[in-house]
Amino acid sequence: MSQELSEQEEQRRQTLEKIRQLGVEPYPAEEFFVSHLAETLKKEFVENQEVQIAGRMMSQRIMGKASFAELQDSSGRIQLYFNRDELCPGEDKMLYNEVFKKLLDLGDFIGVVGRMFKTQVGEISVNVASFKLLSKSLKPLPLPKIDAEGYTHDAFTDAELRYRQRYVDLVVNPKVKETFIKRSLIFTLMRKALERQGFLEVETPILQAIPGGAAARPFITHHNALDIPLYLRIANELYLKRLIVGGFDGVFEFAKDFRNEGMDRTHNPEFTMMELYVAYKDYRWMMGFTEQLLQEIVLGVCEKTELLVGDQIISFKAPFRRVTMRQAILENTGFDIADKTENQLRDMCIDLNIEVQPSMGAGKLIDEIFSEKCEGNYINPTFITDYPLEMSPLCKRHREDPSLTERFELIVDGKEIANSYSELNDPIDQRERFEAQLRLTERGDDEAMLIDQDFLRSLEYGMPPTSGIGIGMDRLVMLLTNNHSIQEVLFFPQMRPEKTVSLSELDKLILNMCSENPQALSELRTKADCSNKQWDLSLKHLSKNQLVLIYKQEEGVFIKKF
RNA sequence: GAUUCCGUAGCUCAGCUGGUAGAGCAAUACACUUUUAAUGUAUGGGCCCUGGGUUCGAAUCCCAGCGGAAUCACCA
């Protein structure tokens, strides 16, 4: 697909040619030895030290026989000083006059050998003795500039462009890079903490025949050889529990899960969840473990337990507050949900102006009340505990109240960050709960769970008492990096595909002659003044890009706009 | 899915109640040996998101579509 080139892109291609004509390879193969990173050189300045550095040239200030440029590597930027007569000591000033001044463009990768010095203004710089083009850039980058007062001008801010072309975003917006470095650090810290406990990192299937472990709509795909539908996992819970049955004491997985639901600033179709299962523990133990884990991670990432999210200060200092679901609803609405029937709960929802559907059971109704009226009010980390039985089909009954379960969710900044159970290990109870879910499906709840027979079989062999937790990693990263949209913490958030249809003149001509009303193809052919070959090509192009529809009927072949 | 806002040069944006497309940065050319949002002079660069309509005339008004953002709904 040949896209029209802008003037600057044409110029850069011409420059590329000139470089080749000079005998310089714009994409050399060999290694360029790098001795230092920009940031280290600035932090540990040693006058006259010889260094070799590489990166993108991000600015150029040419002043006749001397010039300054900025080199950006993975660590940051450092200034380069090019002096014509030092760079080209002999008669031939080509390298400076031609290659550096004219043939290098902003964004090009160069490697530089030189010595450290400070300019008169005190800026740490590299006095370049020689340089080498490492890779030519053919597209101009957006070039935000920071002025003396620290204000950024011409910042590359268009969210659509930033997400679609994250590589550009990363080159040009250092804050974005920071976010992703922090993301990685969060994963590393969590992994280390889990390994320190002796837990085993495992991998379980992403393609599942029965999508279980959560209430959500799955993506469906198809396996050709087996000729069966397969689902992208919505959770890995049931597999991790099988491993506990198999005799591991603690297993965890950083799992990409997939849910075929709406997209907005807190939901991406694929997201990352850390799930952990520990044998012989209960949800109370897990609360203690979780608050220690999070406190440790927050300390590691932010160097303190308090952090600014939006305009609120959130403290991750353990212990976190613990509130039962019943208390939470009582606190926030004045209603007591204890011992209420489904109908009473439904009336309660109506009183609270919460929309209800006939498919909703008692559990779902309580969940609605909580998420509508309570969840948003818990800003500091809070464990909400003891959820109603019906909405927690994989969770053990509460040891004191059989209508409740031993479950908690961790709410921070009004949003769920983690969900945890004393896992249900009674196979008969588990089968009944699945069957209850099945009845919900029949009532029209398309998220209720299917019965995973093999999982039940594994429970029948016996699973030790186990506590499990799932932590929404993307949301955790959002919190710890103070980003309020999930797209900002995913390198490549899901976007609608770009329409990259480029049409030839003839394509456009034919397209303009078509309308939503079908017309005979032969009629159109006579109007279009072109060769048969061009005609054929254009039609194929247009129909391939779903711009026109060509179809056959008894009366002949017809064409219409899609 | 609903509502609101947005789509103009490589980037950031201006362009009023319709009348020949603008600025800064970037680009090109020239000058300039410690500058730093370097500077000075000159020059080039636009399917004004797409398709219809109204009009003598549309970047501008109307309709539809595409893409994005925000809010809500759905949803962990």
Side-chain angles (χ1 to χ4, degrees), chain A residues 4-12 14-15 59-70 77 79-87 96 101-102 105-107 117-123 125 127 137-164 168 172 214-217 234-235 257 259-269 271 273 355 357 367-368 371 375 391 409 411 415-419 446-447 470 472 474-475 484-487 495-499 501-503 505 508 511-512 514-516 547 561-562:
Chain A
E4 295 262 319
L5 293 177
S6 70
E7 186 192 34
Q8 291 189 47
E9 288 173 301
E10 283 293 1
Q11 278 166 359
R12 287 192 179 208
Q14 283 164 17
T15 314
S59 73
Q60 232 183 351
R61 292 183 288 279
I62 297 175
M63 296 168 303
K65 299 185 189 72
S67 304
F68 290 94
E70 269 181 303
R77 289 189 184 191
Q79 181 169 269
L80 306 178
Y81 175 68
F82 291 81
N83 183 298
R84 189 191 69 185
D85 298 326
E86 289 179 48
L87 197 64
Y96 180 78
K101 276 167 69 175
K102 300 210 173 144
D105 288 305
L106 300 187
F117 80 111
K118 274 189 191 170
T119 62
Q120 287 176 359
V121 199
E123 173 105 8
S125 313
N127 189 352
S137 159
L138 293 182
K139 270 177 150 354
L141 288 162
L143 287 169
K145 294 205 164 181
I146 299 167
D147 67 16
E149 281 85 48
Y151 293 109
T152 306
H153 300 261
D154 301 336
F156 182 53
T157 52
D158 185 311
E160 179 184 359
L161 280 173
R162 288 206 302 115
Y163 301 156
R164 286 194 194 277
V168 175
V172 141
R217 277 191 292 265
I234 54 175
D257 289 334
R259 299 189 182 176
N260 202 344
E261 283 156 0
M263 287 161 55
D264 58 35
R265 70 175 199 288
T266 54
H267 298 266
N268 193 64
F271 61 101
M273 182 111 99
E355 228 179 287
Q357 253 128 53
D367 188 36
E368 283 297 314
S371 35
E375 193 171 50
M391 53 190 284
E409 285 193 358
I411 312 289
K415 293 175 208 88
E416 179 205 339
I417 291 295
N419 184 12
D446 55 1
E447 293 179 347
D474 305 303
R475 293 194 184 169
H484 68 289
S485 110
I486 196 171
Q487 285 77 21
M495 304 281 281
R496 277 202 169 73
E498 269 180 283
K499 278 228 164 125
V501 188
S502 77
L503 299 177
E505 286 308 309
K508 287 180 201 165
L511 190 63
N512 285 338
C514 298
S515 70
E516 273 75 29
L547 292 166
K561 252 189 195 162
F562 227 91

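Letters go in sequence order (proteins before strands), and every chain restarts at 1.
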* Structure fact -> Per-nucleotide protein contact along nucleotides 3-12 of chain B, 5' to 3', at a 4.0 Å heavy-atom cut-off (B base, S sugar-phosphate only, - neither), is -------BBB
* Asked: Excluding sequence neighbours, so at least two apart, what forms side chain to side chain contact (heavy atoms under 4.5 Å, CB included) with A:Asp474?
  -> A:Arg183, A:Phe271, A:Thr272, A:Ile486, A:Val489, A:Leu490
To the nearest angstrom, how far is [X] atom [atom1] from [N] atom [atom2]?
| X | N | atom1 | atom2 | result |
| --- | --- | --- | --- | --- |
| A:His267 | B:rC75 | NE2 | P | 10 Å |
| A:Lys65 | B:rU34 | NZ | C1' | 15 Å |
| A:Met263 | B:rG67 | CE | P | 11 Å |
| A:Phe68 | B:rA38 | CZ | P | 12 Å |
| A:Arg217 | B:rG1 | CZ | P | 13 Å |
| A:Phe271 | B:rC75 | CZ | P | 15 Å |
| A:Asp264 | B:rA69 | CG | C1' | 13 Å |
| A:Met273 | B:rA76 | CE | P | 11 Å |

By side-chain hydrogen bond (donor to acceptor under 3.5 Å, both in side chains) - contacts of [X] (at least two apart):
| X | value |
| --- | --- |
| A:Thr15 | none |
| A:His484 | none |
| A:Glu368 | none |

Just call it for [X]: base, sugar-phosphate, or nothing, with non-hydrogen atoms closer than 4.0 Å on any strand.
| X | value |
| --- | --- |
| A:Arg259 | sugar-phosphate |
| A:Glu70 | nothing |
| A:Gln14 | nothing |
| A:Phe117 | base |

From [options], pick the nucleotide closest to the side chain of [X]?
| X | options | answer |
| --- | --- | --- |
| A:Arg475 | B:rU34, B:rA76, B:rA26 | B:rA76 |
| A:Glu368 | B:rC75, B:rA26, B:rA38 | B:rC75 |
| A:Ala66 | B:rU35, B:rU33, B:rC30 | B:rU33 |
| A:Asn83 | B:rU33, B:rA38, B:rG67 | B:rU33 |
| A:Ser125 | B:rU35, B:rG68, B:rA29 | B:rU35 |

* How about A:Phe117 and A:Tyr81: are their ring centroids closer than 6.0 Å? -> yes
* For residues A:Thr266 and A:Asp264, report the shortest heavy-atom separation together with the two atoms involved. => N-OD1, 2.7 Å
Roughly how far apart, to the nearest Å, are [N] and [M] at atom [atom1]?
| N | M | atom1 | answer |
| --- | --- | --- | --- |
| B:rA76 | B:rA14 | C1' | 43 Å |
| B:rG19 | B:rU55 | C1' | 12 Å |
| B:rG44 | B:rG24 | P | 14 Å |

* Asked: Would one find a side-chain N or O of A:Lys145 under 4.0 angstrom from OP1 or OP2 of B:rA38?
  -> yes
* **Any A:Lys139 side-chain N or O less than 4.0 Å from OP1/OP2 of B:rA26** => no
* For the side chain of A:Gln79 and the base of B:rU35, is some donor closer than 3.5 Å to an acceptor across the two? -> yes
* Below 3.5 Å, does any donor atom in the side chain of A:Glu261 face an acceptor in the base of B:rA76, or the other way round? -> no
For residues 59-67 of chain A, which side-chain donor-acceptor pairs fall under 3.5 Å, sequence neighbours excluded?
unit_1	atom_1	unit_2	atom_2	d
A:Ser59	OG	A:Glu70	OE1	3.0
A:Gln60	NE2	A:Phe100	O	3.0
A:Arg61	NH2	A:Gln79	OE1	2.8
A:Ser67	OG	A:Tyr96	OH	2.7

* Asked: Is it true that the side chains of A:Ser137 and A:Arg12 contain a donor and an acceptor less than 3.5 Å apart?
  -> yes
